[in-house]
Amino acid sequence: MLKLDESLLSGLPPFSRLSRSQIREILDQASSRRYEEGVAIFREGHDADRFFLLLDGYLRVIRTTPGGEQIIVLHISPGQLFGIAPALQRDTFPATSVAAAESIALSWPVRLWPEFTAKYDGFATESYKTLGARLGQIQETLTEMATQAVEKRVAAAVLRMVNQSGRKTEKGIEIAFPVTRQNISDMTGTTLHTVSRLLSAWEKAGMVQSTRKHIVVTDPHRLVVLSNETG
DNA sequence: CCATTAAGCTAAA
DNA sequence: TTTAGCTTAATGG
């Protein structure tokens, strides 16, 4: 096993209050793994034997609805804990996680969760905080999907990805991981054709610029306006 | 308004 | 060369 550097965790919320030696302790119990784009880290319903932290890359979190459709409920960015079934009092994973780009994640056996929350100051509160924020975001997305018009939903989904992963370029703000039209339709409950048409229209209007699996938002403000419109 | 079907194009594997 | 991603048009709910 390779030696991981303490600086990997020292800046992250669940670990920010910990001493160097405590972080060392945590790292010494972690496994590190790399995942190719498209590979599942774990699948919904499977035995949750470990919990995870994303060091690098981006993940799609996918849930199967009662109807059997797969929807992308959110994305995970570097520095976030994920697959924390123990925090939900569950022994199976509530969703599937797939690498949206090549990614690196640390993981620990679930039996360490009670120890971490008890022993490390701030770990529990920070973990539950992100968990709560995430559940809130899922709820928001789901109600949005049920009530809002398609164009508004797609605009909101693109903006969410920009907010999570946006980096500035000469052209505008780009989504930092590969996204297909199909992916966006899986986030918004529409078809890839509709997403394609919308992106083409927005491109003509000068709001976005996109090539395959790559989107740059050139006029975020107008997209925000679209996402707030009533129709 | 939006989904579905279907056909054609192009970049990437 | 084959396939995955994307576009566009036509049709119909």
So, does [X] get its side chain near the phosphate of [N], meaning an N or O under 4.0 Å from OP1 or OP2?
X        : N      : value
A:Ser196 : C:dT7  : yes
A:Ser200 : C:dT8  : yes
A:Arg181 : C:dC6  : yes
A:Thr190 : B:dC2  : no
A:Arg212 : B:dT10 : no

(request) Before accepting this row, confirm whether a basic side-chain N of the pair A:Arg167/A:Glu174 lies closer than 4.0 Å to the acidic partner's carboxylate O. (result)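 A salt bridge is present here (some side-chain N lies under 4.0 Å from a carboxylate O).
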Could you state the [atom1]-[atom2] distance from [X] to [N], rounded to the nearest angstrom?
X        : N     : atom1 : atom2 : result
A:Leu198 : C:dC6 : CG    : C1'   : 14 Å
A:Leu192 : C:dA4 : CG    : P     : 14 Å
A:Arg197 : B:dC2 : CZ    : P     : 11 Å
A:Trp202 : C:dT7 : CH2   : P     : 13 Å
A:Asn183 : C:dA4 : CG    : C1'   : 12 Å
A:Asp186 : C:dG5 : CG    : P     : 12 Å
A:Gln182 : C:dT3 : CD    : C1'   : 15 Å
A:Arg153 : B:dC2 : CZ    : P     : 7 Å

(message) At less than 3.5 Å, do the side-chain atoms of A:His193 and the base atoms of C:dA9 form a donor-acceptor pair?
(response) no
(message) Just checking A:Arg63: does its CZ atom have more than 12 heavy atoms from other residues, nucleotides or ligands closer to it than 6.0 angstrom?
(response)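 Atom CZ in A:Arg63 is not packed in, count stays at 12 or less.
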(message) Taking A:Ile84 as the starting point, is it possible to reach A:Val73 by hopping between hydrophobic residues whose side chains are less than 4.5 Å apart?
(response)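 Different hydrophobic clusters.
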(request) Take A:Glu229 and A:Lys152 through the test salt bridge (charged side-chain N to carboxylate O under 4.0 Å, His left out) and record every step on the way to the result. (result) CA-CA 7 Å; A:Glu229 253 162 30; A:Lys152 187 172 164 167; over 6 Å; no
(request) Identify whether any heavy atom of A:Thr180 sits under 4.0 Å from a base atom; if not, whether one sits that close to sugar-phosphate; answer base, sugar-phosphate or nothing. (result) sugar-phosphate
(request) Any chance you could lay out the salt bridge (charged side-chain N to carboxylate O under 4.0 Å, His left out) test for A:Arg160 and A:Glu140, step after step, and finish with the verdict? (result) CA-CA 12 Å; A:Arg160 253 182 262 121; A:Glu140 197 182 309; 5.3 Å; no
